[in-house]
Amino acid sequence: MTKFYLTTTLPYINSEPHIGFALEIVRADVLARSHRLSGDEVFFNTGTDEHGLKIWRKAESLGLSVQEYCDRMAESFKELKGLLDLSFDNFIRTTDAKHQAAVQEFWRRCVASGDIYKKHYSVKYCVGCEMEKTDSELENDRCPLHPGQDLELIDEENYFFRLSKYQDKLLALYSERPDFVLPENRLKEVKNFVASGLHDFSISRLASKLPWGIPVPGDEEQVMYVWFDALVNYISALGWPEQEVNFSKWWPGVQIAGKDNLRPQALMWQAMLLSAGLPNSQQIFINGFITAGGQKMSKSLSNVVSPKELVEKYGGDAVRYFLLAEINDREDGDYTEDRFIDSYQANLANGLGNLFSRLGNLAWKYGLEPVNKGDNGELSTKVEQLVKDWHFNQALNEIWSIYRQLDAKLTEQQPWKLEPDQAKACLIPLINEFVAATSALRPFLPTTAEKILNFFSQNFVGKPEPLFPRVDNIN
RNA sequence: CGCGGGAUAGAGCAGUUGGCAGCUCGCCAGGCCCAUAACCUGGAGGUCGUUGGUUCGAAUCCAACUCCCGCAACCA
């Protein structure tokens, strides 16, 4: 039995779940389910990233205590499990005591490797924005949003991580393992970036300015910067450092992340692991973004799509289907409600749903015997392999091409015109084929696949219920 | 010469090693009537962003160019 550890990134809880995170966790879920079905032992981790100034301020603006705010948001993210039918085994919060202790131990290990040092750090601060500004954010050395105000210079002492030390080791890692980051152009991207030279980065803030963070061991005046804190979750979730056995059983694992997370995951985190003397991740898959009508989703454009609203309207499997079948596996994908509806109507209502009704009705009318779970070895092997290579679009295409063939065969063979015995003889192979194809569908649309398999594996006591109502009946 | 992605039928996209341009939706015409007014068959519709090169042959390889979109370090 093979062991398989898979984790999403931890979404930052400054806002409600985003459709982009739904994409990430649904893909992870398909991979986890697929591994379980092939008999692997799976540990699937997700959770929430809860520290940092933005969270602190957000809670303040809502008049909540920061802990209360975090608790509410963590609940909101946990709701995705039921809504999207997710099968994660662990939900970690970076405010968990166990995680905080692990991060502090991780910090000590990096200190022991000589990779953490203190230095003065001067930063430009815009009073108008109440934000630190980097040079790249400035125009003519002024904040573009508040050009009338002079920037303040703040001189602060922070801890830095010696990222520059790991340039060669990271480059070696990338060349030794060509599938370390997928898709390969993302590996190329991070490789180029590392080759262009790395600078050390600040990993702490003054506690007086940032009260919501994990204390730096041995320095009460400083708290850790959120990235350093959050990345460690991938191993603290496994019980590191106390549960040594469990940790080495699962780590290294596979990570999935959005393309904005390429550097933190494939670069910073890997350098941190090297510093702490731990093995690098096994593989990192980078998702593209979902645009809304071709535009980047952002709060200022108020075009952010909520996965929860979509699920409430169309159902969890419908949302899973759209994300898995219509969003490109390797590049950005686009969402519009029209696109969603078109796909839903064609593939789920008129496609799979209607085919199920056709076959289900005929099975009931002709009083067929229950069908044992059929097997299409060729199809399931192919689909399994496609999933492991993160080709979700193509995997679903393979299954749907069987469904289309079955629709055509039914129309061609017209069992409803035959004598009962002949009709049965005609239907049985078709239903077997349908059940076998649907068996391969289980990791993608677990609820729907289960309904179909259950229907055909029992005595037929009536007409089947529609799986996906037509859109005109939803609104 | 900052990094990377994209440009293929009205729309959305596939095209793995170069070998007669495909899929889904939409549209038109037939068929079927088991089924969620669903399903099936056929058809119309493309100088594969531009220009040049390699080749018997290029959407595919090479070069230059045009347009669009992300990112450009402490930003989930």
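Chain letters run A, B, ... following the sequence lines, proteins first, then strands; residues in each count from 1.
Here the P atom of nucleotide B:A73 and the CG atom of A:Leu267 are 14 Å apart, to the nearest Å. Across the protein-nucleic acid pair, A:Arg263 atom CZ and B:A73 atom P stand 8 Å apart, rounded to whole Å. Per the geometry, CD belonging to A:Gln414 stands 14 Å off C1' belonging to B:A35, to the nearest Å. Put simply, CZ on A:Phe434 is 14 Å from C1' on B:C34, counting in whole angstrom units. Taking atom CG of residue A:Leu427 and atom P of nucleotide B:A35, one finds them 13 Å apart after rounding to whole Å. Distance CG (A:Leu467) to P (B:U36): 12 Å, rounded to an integer number of Å. When the C1' atom of B:U41 is taken as reference, atom CD of A:Gln413 falls 16 Å away, rounded to whole Å. Between A:Asn261 atom CG and B:C75 atom C1' there is a gap of 10 Å when expressed in whole angstrom units.
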note = Encoded 5' to 3' (Watson-Crick or G-U under 3.5 Å; [ ] crossing; | other strand), RNA chain B becomes .((((((..((((.....[..)))).(((((.......))))).....(((((..]....))))))))))).....

Under 3.5 Å between N/O atoms: give me all the protein pairs with nucleotides 3-5 of chain B, atom names plus distance.
{"unit_1": "B:C3", "atom_1": "O3'", "unit_2": "A:Asn192", "atom_2": "ND2", "d": "3.2"}
{"unit_1": "B:G4", "atom_1": "OP1", "unit_2": "A:Asn192", "atom_2": "ND2", "d": "3.1"}

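Put simply, OH on A:Tyr159 and CG on A:Asp200 are 15.5 Å apart, with the number rounded to the nearest 0.5 Å. Atom NE2 of A:His99 is separated from atom CD of A:Glu50 by 9.5 Å, given to the nearest 0.5 angstrom.
Evaluation of the side chain to side chain donor-acceptor pair (under 3.5 Å) rule for A:Asp29 yields A:Arg33, A:Ser87, A:Arg320 as partners, not counting sequence neighbours. Residues meeting the salt bridge (Lys or Arg N to Asp or Glu O under 4.0 Å) test with A:Glu384, sequence neighbours left out: A:Lys388. Evaluation of the side chain to side chain donor-acceptor pair (under 3.5 Å) rule for A:Tyr174 yields no partner, not counting sequence neighbours. For A:Lys409, the salt bridge (Lys or Arg N to Asp or Glu O under 4.0 Å) criterion is met by A:Glu433, not counting sequence neighbours. Residues satisfying the salt bridge (Lys or Arg N to Asp or Glu O under 4.0 Å) test with A:Arg330, not counting sequence neighbours, are none. For the salt bridge (Lys or Arg N to Asp or Glu O under 4.0 Å) test, no residue two or more places apart in sequence or in another chain qualifies with A:Glu309.
Comparing the C1' positions of B:C48 and B:G15 gives an interatomic distance of 10 Å, to the nearest angstrom. Comparing B:G26 with B:A44, their C1' atoms sit 13 Å apart, to the nearest whole Å. On the P atoms, B:U24 is 9 Å away from B:C40, given to the nearest whole Å. Here the separation of B:G12 from B:C27, taken at their C1' atoms, is 16 Å to the nearest Å. Rounded to whole Å, the separation between the P atoms of B:C56 and B:U47 comes to 28 Å. Spacing between B:C3 and B:A9 at atom C1', rounded to whole Å, works out to 34 Å. On the P atoms, B:G42 is 45 Å away from B:G4, given to the nearest whole Å. Rounded to whole Å, the C1' atom of B:C65 lies 41 Å from the corresponding atom of B:C28.
Across all strands, A:Thr9 comes closer than 4.0 Å to no nucleic acid atom at all (heavy-atom distances). A:Phe289 comes within contact range of no nucleotide atom at all, as no heavy-atom separation falls under 4.0 Å. A:Ile203 comes within 4.0 angstrom of nothing in the nucleic acid, heavy atoms only.
Within residues 348-359 of chain A, the residues that place at least one heavy atom under 4.0 Å from RNA chain B are, in residue-number order, A:Ala349, A:Asn350, A:Gly353, A:Asn354, A:Ser357, A:Arg358.
More than 12 non-hydrogen atoms from other residues, nucleotides or ligands lie less than 6.0 angstrom from NZ of A:Lys308.
The side chain of A:Ala408 lies closest to B:C40 when the candidates are B:U36, B:C40, B:C74. Out of B:C25, B:A76, B:A35, the shortest distance to the side chain of A:Asp342 is found at B:C25. Residue A:His18 places its side chain closer to B:A76 than to any other of B:C32, B:C75, B:A76.
We find that the ring of A:Trp416 and the base of B:C34 stack, their centres lying under 5.5 angstrom apart and their planes tilted less than 30°.
Within the 3.5 Å criterion, the main-chain N or O of A:Ile13 finds a donor-acceptor partner in the side chain of A:Tyr69.
Contact check, A:Asn328 against B:A14: a side-chain N or O comes under 4.0 Å of OP1 or OP2. A:Arg470 has a side-chain polar atom (N or O) that falls below the 4.0 Å cut-off from OP1 or OP2 of B:A38. Residue A:Lys417 has a polar side-chain atom (N or O) positioned under 4.0 Å from OP1 or OP2 of B:C33. Side-chain N/O atoms of A:Tyr403 include none lying less than 4.0 angstrom from OP1 or OP2 on B:C40.
Comparing A:Gly197 and A:Thr411 by the nucleotide of RNA chain B that holds the closest heavy atom to each, the one mapping nearer the 5' end is A:Thr411. The residue among A:Asn361 and A:Glu24 whose nearest nucleotide of RNA chain B lies closer to the 5′ end is A:Asn361.
Using modelled atom types, one finds a donor on one side chain and an acceptor on the other under 3.5 Å when comparing A:Glu24 with A:Thr9.
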Residues 414-426 of chain A, side-chain donor-acceptor partners within the protein, below 3.5 Å, at least two apart:
{"unit_1": "A:Gln414", "atom_1": "OE1", "unit_2": "A:Lys417", "atom_2": "NZ", "d": "3.0"}

Table please: side-chain donor-acceptor pairs of residues 400-407 of chain A below 3.5 Å, with sequence neighbours left out.
{"unit_1": "A:Trp400", "atom_1": "NE1", "unit_2": "A:Asn347", "atom_2": "O", "d": "3.1"}
{"unit_1": "A:Ser401", "atom_1": "OG", "unit_2": "A:Glu398", "atom_2": "O", "d": "3.0"}
{"unit_1": "A:Tyr403", "atom_1": "OH", "unit_2": "A:Thr438", "atom_2": "OG1", "d": "3.0"}
{"unit_1": "A:Asp407", "atom_1": "OD1", "unit_2": "A:Arg358", "atom_2": "NH1", "d": "2.6"}

For residues 259-274 of chain A, run the donor-acceptor check on the side chains, cut-off 3.5 Å, and write out each pair with its distance to 0.1 Å, sequence neighbours left out.
{"unit_1": "A:Lys259", "atom_1": "NZ", "unit_2": "A:Asp332", "atom_2": "OD1", "d": "3.1"}
{"unit_1": "A:Lys259", "atom_1": "NZ", "unit_2": "A:Asp332", "atom_2": "OD2", "d": "3.1"}
{"unit_1": "A:Asn261", "atom_1": "OD1", "unit_2": "A:Gln265", "atom_2": "NE2", "d": "3.0"}
{"unit_1": "A:Gln265", "atom_1": "OE1", "unit_2": "A:Tyr234", "atom_2": "OH", "d": "3.1"}
{"unit_1": "A:Gln265", "atom_1": "OE1", "unit_2": "A:Gln255", "atom_2": "NE2", "d": "2.9"}
{"unit_1": "A:Gln265", "atom_1": "NE2", "unit_2": "A:Tyr234", "atom_2": "OH", "d": "3.2"}
{"unit_1": "A:Trp269", "atom_1": "NE1", "unit_2": "A:Gln255", "atom_2": "OE1", "d": "3.1"}
{"unit_1": "A:Gln270", "atom_1": "OE1", "unit_2": "A:Asn280", "atom_2": "ND2", "d": "2.8"}
{"unit_1": "A:Gln270", "atom_1": "OE1", "unit_2": "A:Ser281", "atom_2": "N", "d": "3.2"}
{"unit_1": "A:Gln270", "atom_1": "NE2", "unit_2": "A:Gln265", "atom_2": "O", "d": "3.0"}
{"unit_1": "A:Gln270", "atom_1": "NE2", "unit_2": "A:Ser281", "atom_2": "OG", "d": "2.9"}

